[in-house]
Amino acid sequence: GGCTNLSGGWLMGCDHVQSQLSEDRLNRVLLLTDGQANFGVTDSPILTNTARDKAAQGIITTTLGFGNYFNEDLLIGMASAAGGNFYFIQSPDDASDVFRIELESLMSVAAQNLTLTLQPAAGVTIAQFLNNYRAQTSGNELQVNLGDVYTSEAKQMAVELAIAPQATLGDLPLLSAS
């Protein structure tokens with residue numbers, strides 16, 4: 001009825017997960033909401049950036065939007081920034097299906113907080129990173145946070161490389177990945 005404190009409830013959940021945070025556990029908040037941030041922090045970019053900051057601290061957020069008038073852009077943005085999933089819950093049956101899917105995926109985690117480091121070879125630079133993963137450069141390296149990896153999930157990544165003109169033909173190492 002217009003009095004949703006989305007940020008208050010979500011941040012309280014994040015605080016609870018933070019108090020139990022462990023690299024040996026899955027650290028995830030499930031945000032069930034109508035997606036209307038009416039009280040507390042109401043600015044979508046701030047909520048999305050906070051979700052990104054929480055993910056950098058190891059707390060992933062999955063958002064579940066209820067009702068016909070929820071703020072889909074906000075919930076998708078928060079889930080994407082936080083490395084979680086977004087679901088639209090249209091009926092009670094959808095809710096049970098979503099919880100089943102989410103629990104099954106949590107039980108199939110193959111790696112947590114996976115970071116991929118790309119190091120270009122001599123004469124090669126990474127011109128553009130073409131994904132939505134969190135990434136940062138360190139010198140000529142690109143460090144990409146792929147988040148959690150599930151056994152049945154393919155993680156795809158695309159980069160645009162700039163290659164210096166070559167004087168000879170043959171094999172040319174482009175980059176190494178670790």
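Note that the numbering runs from 1 along the sequence shown for the chain.
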Would you say Val98 and Ile60 are hydrophobically clustered, going by side-chain heavy atoms of ILVMFWY under 4.5 Å? no
Same cluster (ILVMFWY, side-chain, under 4.5 Å), Leu175 and Leu114: yes
Could you tell me whether the side chain of Asn140 and the main chain of Thr125 form a donor-acceptor pair under 3.5 Å? no
Flag side-chain contact, heavy atom, 4.5 Å: Leu142 against Thr117: no
Near Gln90 CD, under 6.0 Å, is it more than 12 heavy atoms from other residues, nucleotides or ligands? no
Shortest non-hydrogen contact between Gln156 and Asn131, atoms and distance: O-ND2, 3.2 Å
Roughly how far, to the nearest 0.5 Å, is the CZ atom of Phe86 from the CG atom of Asp73? 9.5 Å
Nearest-0.5 Å distance, CZ of residue Arg134 to CG of residue Leu146: 10.0 Å
For residues 6-21, run the donor-acceptor check on the side chains, cut-off 3.5 Å, and write out each pair with its distance to 0.1 Å, sequence neighbours left out.
| unit_1 | atom_1 | unit_2 | atom_2 | d |
| --- | --- | --- | --- | --- |
| Ser7 | OG | Asn5 | OD1 | 3.2 |
| Ser7 | OG | Val41 | N | 2.9 |
| Trp10 | NE1 | Thr61 | OG1 | 3.0 |
| Ser19 | OG | His16 | O | 2.7 |

Distance col, row Lys54:NZ vs Leu47:CG, nearest 0.5 angstrom, shows 12.0 Å
Once rounded to the nearest 0.5 Å, what's the spacing between atom OG1 of Thr63 and atom CZ of Phe66? 10.5 Å
Tightest non-hydrogen contact, residues Ala82 and Ala55, listed as O-CB, 3.5 Å
Side chain to side chain contact (heavy atoms under 4.5 Å, CB included) against Thr62, all qualifying residues, sequence neighbours excluded: Arg28, Leu30, Leu64, Asn85, Tyr87, Glu102
Per side chain to side chain contact (heavy atoms under 4.5 Å, CB included), Ile46 is matched among Asn49, Asp43, Thr42, Thr48 by Asp43
Heavy-atom closest pair (Ser22 atom, Asn27 atom, distance to 0.1 Å) is O-ND2, 2.9 Å
Testing Val159, Leu174, Thr137 one by one against Leu118 for a side chain to side chain contact (heavy atoms under 4.5 Å, CB included), which residue passes? Val159
At their closest point, which heavy atom of Met78 faces which heavy atom of Leu31, and how far apart are they? CE-CD2, 3.9 Å
Which heavy atom of Phe88 sits nearest a heavy atom of Asp94, and at what distance? O-OD2, 4.5 Å
Quick one: does any side-chain atom of Gln166 pair with a main-chain N or O of Ala164 as donor and acceptor, under 3.5 Å? yes
Write down the atom of Pro173, the atom of Ala121, and the distance for their closest heavy-atom approach. O-CB, 3.3 Å
Side-chain donor/acceptor of Ser80 to backbone N/O of Ile76, under 3.5 Å: no
State, with a plain yes or no, whether a side-chain heavy atom of Ser44 is found less than 4.5 Å away from one of Asn71. yes
Can you measure from CD (Gln143) to CG (Leu116) and round to the nearest 0.5 angstrom? 9.5 Å
Can you tell me how far apart OG (Ser138) and CD (Gln119) are? Round to the nearest 0.5 Å. 10.0 Å
Are Leu74 and Val29 connected into the same hydrophobic cluster when the rule is that any two of I, L, V, M, F, W, Y join if their side-chain heavy atoms are below 4.5 Å apart? yes
